[in-house]
2 protein chains.
Amino acid sequence: MPLSLSFQQSDHNHEHCIERALERAEELCRVQRQRLTAQRRRVLELVWAQHKPVGAYAVLEELQKQGRAAPPTVYRALEFLQQMGLVHKIESLNAYVGCAFAGQPHDAQFLICEQCDELAEVEIPRLSETLNEGAAISGFEPRRSTIEVLGLCPNCLDLRP
Amino acid sequence: MPLSLSFQQSDHNHEHCIERALERAEELCRVQRQRLTAQRRRVLELVWAQHKPVGAYAVLEELQKQGRAAPPTVYRALEFLQQMGLVHKIESLNAYVGCAFAGQPHDAQFLICEQCDELAEVEIPRLSETLNEGAAISGFEPRRSTIEVLGLCPNCLDLRP
DNA sequence: TTTTGCAATGTTATACTATAACAATCTGGG
DNA sequence: CCCAGATTGTTATAGTATAACATTGCAAAA
């Protein structure tokens, strides 16, 4: 079960959501003999603070509230977390989000609301297959794909004029 | 017929390719009563110079070989060209490419070779439909999507060890 | 337990990408 | 011709990311 099932309801307990993400991260790093240091854990926590993409410099500002920190600190942590599959970069926003499917191999697919900035990581049925088959027609061998859909989320559609 | 049909063969006449893109641009701007000024035309030409994404500052350097130019000059031209649907931004590379389907409404889809940097704008059968239907399942209303696939192009696959 | 070597972090500087703000100039329609 | 809006010039600065090298921490080998 993914950590985030599409867009969240107002009754969504996000504290619990963050906790689960951190626990899962601990587990994954332990299994893969990688070190989820305090610094990395803190950055992951900050990225998970909202179901919205977070800029690296926003993370940095938070870190700086508890002591000194410089950009490389954040970018290194983010790089590690991306390599571990715990965080994704949203290319169209230059921002980062916690991965909803950590530990499960998958192609990242995002729905991003341009009204409220909320983001949902999804797995659209047959999308990866369609994409891979289509690429193969061109004789192309896909390795990594960026799929980011901008639009309006159900919550914002409901509130519309 | 698209200006670029998947990946190019070595016998591909790129001069001709650029010319067609410029002619099409002239036509589109004329019909839509927009001004394809010398500056904008030159930027479009530079973006089309290769079937690879080009950085804004690379374009700037070329412009500077023929007189002064500053970043806003390039970014304004690129913004205009994007709005006219003549150029796409490749989000995962912070770079720009000429649109292969100028004048035809479409969702942008790119195959990008990580070996040779060549890029093909494609229209993968049923991909947009699958994506839109999938988003609808989440109650999401898509407006614009970013689809960029990184991998190996047929040319580079042939040359592999 | 001490050593040791690599992993992680700190620190400073800088590269790269993009836009704000305002002045000057150009262009097409009245 | 004249004007209003569009385009371009110019300077400065915001925002994103990495290079390079010093220092510290940690865990396995001796």
Side-chain angles (χ1 to χ4, degrees), chain A residues 25-26 28-47 52-84 86-97 117 146 148, chain B residues 25-26 28-47 52-84 86-97 117 146 148:
Chain A
E26 299 276 13
L28 273 171
C29 288
R30 194 169 47 72
V31 169
Q32 299 193 37
R33 305 249 191 298
Q34 296 294 316
R35 288 155 66 185
L36 186 61
T37 63
Q39 196 90 258
R40 290 165 173 176
R41 197 177 195 282
R42 180 76 182 118
V43 169
L44 182 58
E45 197 180 348
L46 290 169
V47 167
K52 300 181 182 181
V54 186
Y57 277 75
V59 171
L60 179 58
E61 276 189 32
E62 289 304 312
L63 285 188
Q64 287 173 334
K65 290 179 183 171
Q66 308 161 247
R68 305 198 174 185
T73 297
V74 174
Y75 283 102
R76 283 168 183 157
L78 288 172
E79 187 186 11
F80 171 83
L81 295 169
Q82 285 178 264
Q83 281 172 357
M84 290 298 295
L86 296 168
V87 158
H88 294 291
K89 179 174 184 182
I90 307 302
E91 300 288 354
S92 59
L93 299 175
N94 294 319
Y96 304 82
V97 290
D117 297 330
T146 297
E148 301 168 7
Chain B
E26 299 276 12
L28 274 170
C29 288
R30 194 168 46 69
V31 169
Q32 299 193 36
R33 306 248 190 301
Q34 296 294 316
R35 290 156 63 185
L36 187 62
T37 62
Q39 195 90 257
R40 290 165 173 175
R41 196 177 195 284
R42 180 76 183 117
V43 169
L44 181 58
E45 197 180 348
L46 290 169
V47 166
K52 299 180 183 184
V54 186
Y57 278 75
V59 172
L60 179 58
E61 275 189 34
E62 289 305 311
L63 286 188
Q64 287 172 336
K65 290 179 181 170
Q66 308 161 249
R68 305 200 175 185
T73 296
V74 175
Y75 282 102
R76 282 167 182 155
L78 289 172
E79 188 187 9
F80 171 84
L81 295 168
Q82 284 177 266
Q83 282 172 358
M84 290 298 296
L86 295 168
V87 158
H88 294 291
K89 178 174 185 185
I90 307 300
E91 299 288 355
S92 60
L93 299 174
N94 294 319
Y96 303 82
V97 290
D117 296 329
T146 298
E148 300 169 6

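In the text below, chain A, chain B and the rest are named by the order of the sequence lines, each starting its count at 1.
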*Identify, between B:A69 and B:R35, the residue whose nearest nucleotide on DNA chain D lies closer to the 5' end.*
B:R35
*Hey, which of these two, B:N94 or B:T73, hits DNA chain D nearer its 5' end, going by closest nucleotide?*
B:T73
*Going by distance alone, is a donor N or O of one side chain under 3.5 Å from an acceptor N or O of the other, for A:R42 and A:Q66?*
yes
*For A:E61 and D:dG15, what is the distance between atoms CD and C1' respectively, to the nearest whole Å?*
12 Å
*A:Y57 has an atom OH; how far is it from atom P of C:dC16, in whole Å?*
15 Å
*Atom pair distance, as rounded to whole Å: CE in A:M84 and P in C:dA8*: 11 Å
*A:R40 side chain near C:dA8 phosphate (N/O to OP1/OP2, under 4.0 Å)*: yes
*In whole angstroms, how far is the P atom of D:dT23 from the CZ atom of A:R68?*
16 Å
*Select one nucleotide: of C:dT19, D:dA19, D:dA17, the one nearest the side-chain heavy atoms of A:P72.*
D:dA19
_Nearest to the side chain of A:K89, heavy atoms from C-beta on, is which of C:dA18, D:dA17, C:dA8?_
D:dA17
*asked:* Is B:Y75 close enough to C:dA18 that one of its side-chain N or O atoms is under 4.0 Å from OP1 or OP2 there?
replied: yes
_Length of the CG-P vector between A:L93 and D:dG15, whole Å_ = 15 Å
*Starting from the 5' end of DNA chain C, give me the residue, B:A95 or B:R76, whose nearest nucleotide shows up first.*
B:A95
*Validation row: B:L63, B:R68 side chains within 4.5 angstrom (heavy atoms)*: no
*B:L60 CG to C:dA15 C1': how many Å, rounded?*
15 Å
*Among B:L86, B:V59, B:L81, B:V74, find the residue that satisfies the side-chain contact (heavy atoms from CB on, under 4.5 Å) test when tested with B:V47.*
B:V59
*asked:* Tell me the interatomic distance from B:L78, atom CG, to D:dT8, atom P, rounded to whole angstroms.
replied: 12 Å
*Which whole-number value in Å describes the distance from B:L36 CG to C:dC26 C1'?*
16 Å
*So, the side chain of A:Q82 versus the backbone of A:V87: is there a donor-acceptor pair under 3.5 Å, distance only?*
no
_Regarding B:S92 and B:E148, do their side chains bring together a donor and an acceptor under 3.5 Å, going by distance alone?_
yes
*Please tell me which of the listed nucleotides, C:dT11, D:dA17, C:dG10, lies nearest to the side chain of A:Q39?*
C:dG10
_I want to check one thing: is the phosphate of D:dA17, taken as OP1 and OP2, less than 4.0 Å away from some side-chain N or O of A:Y96?_
yes
